[in-house]
Amino acid sequence: MADNDILNKFKEDQEVTEIDTTKKLKIGIIGTGWIADAHIQQYKKMPDVEIVGGADLIDGKAEKFFKKNEVENVRCYRSHKELIDNEELDAVSICTYNRTHAECAIYALEHGVNVLLEKPMCVTLEEAVEICRAEKKSGKVLSIGFQPRFDPNMQMIKKIVESGELGEIYYIQTGGGRRKGIPTPFGTTFIEDKTAGLGALGDIGCYSLDMVLNAIGYPKPLTVTGYTSNFFGTDPNYYEKHPEYASLFGVDDFGAGFIRLEGGIILDFRIAWAMHLDTPGDTIIMGKKGSLRIPSTECWNGSVGGPMKIYHNVAGEGVVTEIPIIKDNSEGCFYKKIRSFLDAVKTGGKAPVPTSQIIINQAIIDGIAKSNKLGKEIEIEIPEI
């Protein structure tokens with residue numbers, strides 16, 4: 001089969017969906033930190049959205065947020081409970097720090113509000129289970145904020161695996177990170193245990209895991225041997241302007257795991273906020289008919305670092321098929337993340353990034369952290385929802 005024939009297998013036309021503006025959705029934003037800026041900017045592009053309320057624990061922060069983003073007539077509250085109790089909401093974006101994801105999501109679902117929950121889903125597997133149970137009981141839409149899912153290059157990975165071009169998958173190496181990228185420009189909420197709970201594992205590790213797990217259909221994890229460290233975050237010399245941050249650093253800045261998945265698949269994973277490398281390696285998906293190499297990025301950004309390559313045999317000879325980078329001329333991944341969520345709310349459809357998948361992602365992250373504490377391999381058990 002010629003390279004062009006192989007590439008043509010993965011081509012498809014992009015659909016353009018018309019937005020029904022006959023009913024405006026009433027939206028609330030919980031947490032008005034920097035990620036909330038990305039949410040509100042996308043909501044402003046949508047003619048069927050009315051932002052009616054916001055909440056933030058810091059007095060006056062929500063008011064400043066909406067004024068900065070030029071959104072008027074928004075009522076502001078000091079807690080997610082006050083917002084949900086006092087407004088008739090169709091949906092909320094939860095943009096708070098990790099430790100409060102679970103309580104905010106559960107409260108919203110229990111009060112009949114659809115939820116777009118920023119990543120990571122939460123901090124522990126136990127919290128993820130409680131979120132999923134609240135979702136099931138409520139019957140509402142709960143989608144997790146994994147915008148890389150909507151990158152056409154990321155979607156290509158799933159198409160390649162599902163096409164059968166690689167055959168049966170048996171080994172995956174994935175991860176990534178930054179040479180110097182501990183996220184402190186916006187303060188310390190990302191690095192303190194009391195607010196974040198997870199470091200690189202939850203911030204960018206969840207994306208890296210989703211890239212490959214989504215491609216192979218999210219098989220259940222069976223066991224994990226995990227390791228985490230924080231050599232850089234706890235070193236005052238790392239910080240040019242705020243050496244005092246080192247004493248506050250309470251999460252991981254590097255994590256790794258060796259995970260056995262159902263179906264005999266091995267997942268070798270590593271992620272870093274800081275390291276003496278530009279990358280810990282490309283992502284590799286190995287199958288019995290072929291393998292796929294996905295170039296890493298210098299600073300893990302939710303996409304691929306260059307053209308992907310399929311290594312396989314044609315007529316008995318080893319060949320390499322290069323998959324060109326796909327240019328996305330649409331509104332972008334963050335817009336699609338929010339738009340797909342709102343479309344599910346309006347139609348009663350399924351969550352675009354469902355918790356039935358992301359609870360597996362969370363179980364692996366949780367398993368890595370627990371295995372590190374115990375210093376041994378552990379079994380992963382996800383309770384029935």
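It should be emphasised that the depicted structure is a prediction, and the values quoted were computed from it without experimental measurement.
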Next item on the list: Taking atom types as modelled, find out whether Asp85 and Tyr107 have a side-chain donor-acceptor pair closer than 3.5 angstrom.
Entry: yes
Check: Relative to each other, are the rings of His242 and Tyr245 parallel, tilted or perpendicular (30° and 60° limits)?
Finding: parallel
Checklist line | CD1 on Ile259 to CG on Leu213, rounded to 0.5 Å | finding: 8.0 Å
Check: Listed by chain and number, what are the salt bridge (Lys or Arg N to Asp or Glu O under 4.0 Å) partners of Lys158, not counting sequence neighbours?
Finding: Glu162
Going by atom type alone, with no hydrogens or angles, which donor-acceptor pairs under 3.5 Å involve a side-chain atom of residues 54-64 and a protein atom two or more places apart or on another chain?
{"residue": "Asp56", "atom": "OD1", "partner": "Ile58", "partner atom": "N", "Å": "3.0"}
{"residue": "Asp56", "atom": "OD2", "partner": "Thr32", "partner atom": "N", "Å": "2.9"}
{"residue": "Asp56", "atom": "OD2", "partner": "Thr32", "partner atom": "OG1", "Å": "2.8"}

Checklist line | Tyr77 versus Glu87, side-chain donor and acceptor atoms under 3.5 Å | finding: yes
Checklist line | Ionic contact status for Lys370 with Glu126, cut-off 4.0 Å | finding: yes
Note to self: Quick check: closest heavy atoms across Phe232 and Tyr238, and the distance to 0.1 Å?
What the structure shows: O-CB, 3.5 Å
Next item on the list: Return the set of residues passing side-chain hydrogen bond (donor to acceptor under 3.5 Å, both in side chains) with Glu110 (not counting sequence neighbours), or none when no residue passes.
Entry: none
Check: Does NZ in Lys309 sit with more than 12 non-hydrogen atoms of other residues, nucleotides or ligands closer than 6.0 Å?
Finding: no
Next item on the list: Flag the pair Lys119 and Asp203 as a salt bridge only when some basic side-chain nitrogen lies within less than 4.0 angstrom of an acidic carboxylate oxygen.
Entry: yes
Margin query: Looking at every heavy atom in both Cys132 and Met121, which two are closest together, and how far apart are they?
Written below: SG-CE, 3.7 Å
Note to self: Whether the side chain of His312 engages the backbone of Leu166 through a donor-acceptor N/O pair (distance < 3.5 Å, no angle test) should be reported.
What the structure shows: no
